2 protein chains.
Amino acid sequence: MKTPIEFSEKQIAIINAAEKLFAEKGFDGSSVRDIAQEAEVNVAMISYYFGSKEKLMEAVFEKRTGDIRIKVENLLLDSSISHLQKVNILIDDYVDKFIHQQEFHKIMMREQMINKHNSVAELIHELKKRNLEAIRTLLSEGQKSGEFKKNIDVVLMMTTMVGTVSQMISSQYFYRKVNNLEHMDEMEFQKHMKKKLSAHLKNLFKQLITNE
Amino acid sequence: MKTPIEFSEKQIAIINAAEKLFAEKGFDGSSVRDIAQEAEVNVAMISYYFGSKEKLMEAVFEKRTGDIRIKVENLLLDSSISHLQKVNILIDDYVDKFIHQQEFHKIMMREQMINKHNSVAELIHELKKRNLEAIRTLLSEGQKSGEFKKNIDVVLMMTTMVGTVSQMISSQYFYRKVNNLEHMDEMEFQKHMKKKLSAHLKNLFKQLITNE
DNA sequence: AAAAATTAATTAAACGTTTGTTTAGTTTTA
DNA sequence: TAAAACTAAACAAACGTTTAATTAATTTTT
């Protein structure tokens with residue numbers, strides 16, 4: 001178990017500012033001076049605390065990756081609910097996390113597009129692998145019980161789940177406009193998205209994994 | 001009908017180099033000197049031909065947006081095939097275009113994430129709107145004939161289609177690794193992806209839009 | 001408990017590069 | 001021979017990072 005690194009108040013301010021700007025304009029589009037101003041600290045503090053802009057990005061990941069791991073262990077033990085219900089809870093959990101941490105997820109999306117091997121790519125890789133294994137376990141339990149189909153392509157299923165939510169986040173302004181939801185405030189719209197996405201994914205996957 | 005702007009051989013070399021690098025490292029991550037070197041031209045030629053780096057990005061879009069519009073007009077007239085078959089052809093068409101123009105699509109994905117209103121965001125907006133309308137028309141034809149369900153959320157369906165393919169492209173290195181497909185060469189793997197994605201999306205949407 | 005010494009936090013300014021763009025001149029094309 | 005294509009060099013601005021100096025906090029010594 002890796003113990004999470006403790007960050008001071010000022011360090012957290014910098015990390016949050018970086019997260020916001022990286023999500024908005026990308027890594028190269030955000031200057032350390034912009035980040036410093038957003039965090040209301042001197043520019044030199046970034047090098048002082050994190051060493052470099054690159055390392056600051058790693059700190060953003062360090063702070064967040066713990067949070068976005070889906071929780072499946074307790075879910076597996078619970079025998080009071082069906083396997084399909086467990087999958088549905090997982091979907092809710094994922095949609096929820098993604099929407100409430102949009103900014104970090106945007107950074108992840110951008111970073112995973114880059115071919116070049118960087119320190120952050122490896123972090124994303126491992127995170128995805130863990131999530132994939134969690135779902136694989138859950139699905140094979142359902143398969144053993146006969147509730148789920150035998151030949152489920154878990155990777156493709158994950159691709160659709162992650163992809164659908166990512167795409168919704170990325171194009172949420174388009175989605176708002178085309179559905180005439182511009183009157184909603186941010187919170188209201190997030191609730192709307194969450195509800196729609198959850199229902200949509202549950203519907204999609206139910207037909208994909210269950211035996212009719 | 002907007003007549004496409006004619007580009008000289010050298011201009012096309014620059015546009016292609018820009019497309020490659022923008023996809024790989026993002027707009028801000030690619031310097032005009034990198035682009036010039038990749039295109040084997042003098043740096044000044046970029047300003048000379050396009051005015052600015054920003055305008056070069058617009059030229060990349062100008063050159064490509066025509067190509068990636070899905071063709072639905074002829075498909076609508078064809079009465080020899082079912083509506084579901086038409087949808088499937090559309091899926092094949094979309095997957096095909098996305099995979100064969102990965103680089104441009106990566107740029108689109110990155111750009112649509114940016115909140116800030118830029119000239120390119122509007123182009124993406126209109127392109128998506130056109131594609132959305134095309135599918136909407138096709139689906140409502142199928143609804144009239146009774147082949148399709150009445151309440152289909154077209155926008156969510158598009159979100160899943162675009163999202164799934166985008167996510168597959170973005171994380172193709174992960175996909176390769178986790179499926180032990182590293183022995184395949186690029187062409188072979190693209191064929192594999194195309195096949196898998198098409199089948200997966202057809203399967204998903206069939207259950208989503210048809211009456212059992 | 002006060003003073004001194006040491007370490008940590010913070011700053012403005014400067015560093016050397018790299019950035020996108022322009023200039024002023026040269027070569028090529030028509 | 002005039003217009004278009006092309007070049008190397010220069011431009012100022014912005015970049016990430018470092019420096020040197022100052023203030024604040026903590027520890028050690030008296």
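Below, chains carry the letters A, B, ... as their sequence lines are ordered, and counting in each starts from 1. What you see is a predicted model, and the numbers here were worked out from it, not measured in a lab.
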Audit row: Phe7(A), Tyr49(A), ring pair (Phe, Tyr, Trp, His ring centres under 6.0 Å) steps and yes/no: CA-CA 10 Å; Phe7(A) 291 117; Tyr49(A) 276 130; 9.5 Å; no
Please list, one pair per line, the donor and acceptor atoms closer than 3.5 Å that link side chains of residues 33-40 of chain A to other protein atoms, with sequence neighbours excluded.
from     : atom 1 : to       : atom 2 : distance (Å)
Asp34(A) : OD2    : Ser31(A) : OG     : 3.3
Glu38(A) : OE2    : Lys20(A) : NZ     : 3.2

Nucleic acid contacts of residues 26-38 of chain B, taken as heavy-atom distances under 4.0 Å to DNA chain C: Ser30(B), Ser31(B), Val32(B), Arg33(B)
side-chain hydrogen bond (donor to acceptor under 3.5 Å, both in side chains): pairs with one or both residues in residues 153-163 of chain B, sequence neighbours excluded: Thr164(A)-Thr160(B), His200(A)-Thr160(B)
Results of side-chain hydrogen bond (donor to acceptor under 3.5 Å, both in side chains) for Glu126(B) - residues two or more places apart only: none
All salt bridge (charged side-chain N to carboxylate O under 4.0 Å, His left out) counterparts of Lys202(B), not counting sequence neighbours: Asp92(B)
side-chain hydrogen bond (donor to acceptor under 3.5 Å, both in side chains) against Arg130(A), all qualifying residues, sequence neighbours excluded: none
Spacing of Phe50(A) atom CZ relative to dT17(D) atom P, expressed in whole Å: 13 Å
Strictly under 3.5 Å: I want the nitrogen or oxygen pairs between protein and nucleotides 4-7 of chain D, one per line.
from   : atom 1 : to       : atom 2 : distance (Å)
dA5(D) : OP2    : Tyr48(B) : OH     : 3.2
dC6(D) : OP1    : Lys10(B) : NZ     : 2.9
dC6(D) : OP2    : Tyr49(B) : OH     : 2.8
dT7(D) : OP2    : Asn42(B) : N      : 3.4

side-chain hydrogen bond (donor to acceptor under 3.5 Å, both in side chains) partners for Lys194(B), two or more places apart: Asp96(B)
Helical bend (five base pairs per end, nearest 10°) for the helix from dA1(C)-dT30(D) to dA30(C)-dT1(D): 10°
Intermediate values then yes/no, salt bridge (charged side-chain N to carboxylate O under 4.0 Å, His left out), Glu58(B) and Lys55(B): CA-CA 5 Å; Glu58(B) 287 174 38; Lys55(B) 294 262 183 65; over 6 Å; no
Which residues share a side-chain hydrogen bond (donor to acceptor under 3.5 Å, both in side chains) with Lys97(A), sequence neighbours left out: Asp93(A)
Interface limits on DNA chain C, where chain A has a heavy atom under 4.0 Å of a nucleotide atom: dA8(C) to dA14(C)
Residue pair Arg64(B), Glu19(B): steps toward the salt bridge (charged side-chain N to carboxylate O under 4.0 Å, His left out) verdict: CA-CA 10 Å; Arg64(B) 286 281 180 224; Glu19(B) 185 179 42; 2.7 Å; yes
Phe27(A) and Phe22(A) aromatic ring geometry - parallel, tilted or perpendicular at 30°/60° bounds: tilted
Under 3.5 Å, sequence neighbours excluded: what are the donor-acceptor pairs made by side chains of residues 177-186 of chain A?
from      : atom 1 : to        : atom 2 : distance (Å)
Asn179(A) : ND2    : Tyr175(A) : O      : 3.3
Asp185(A) : OD1    : Met187(A) : N      : 3.1
Asp185(A) : OD1    : Glu188(A) : N      : 2.8

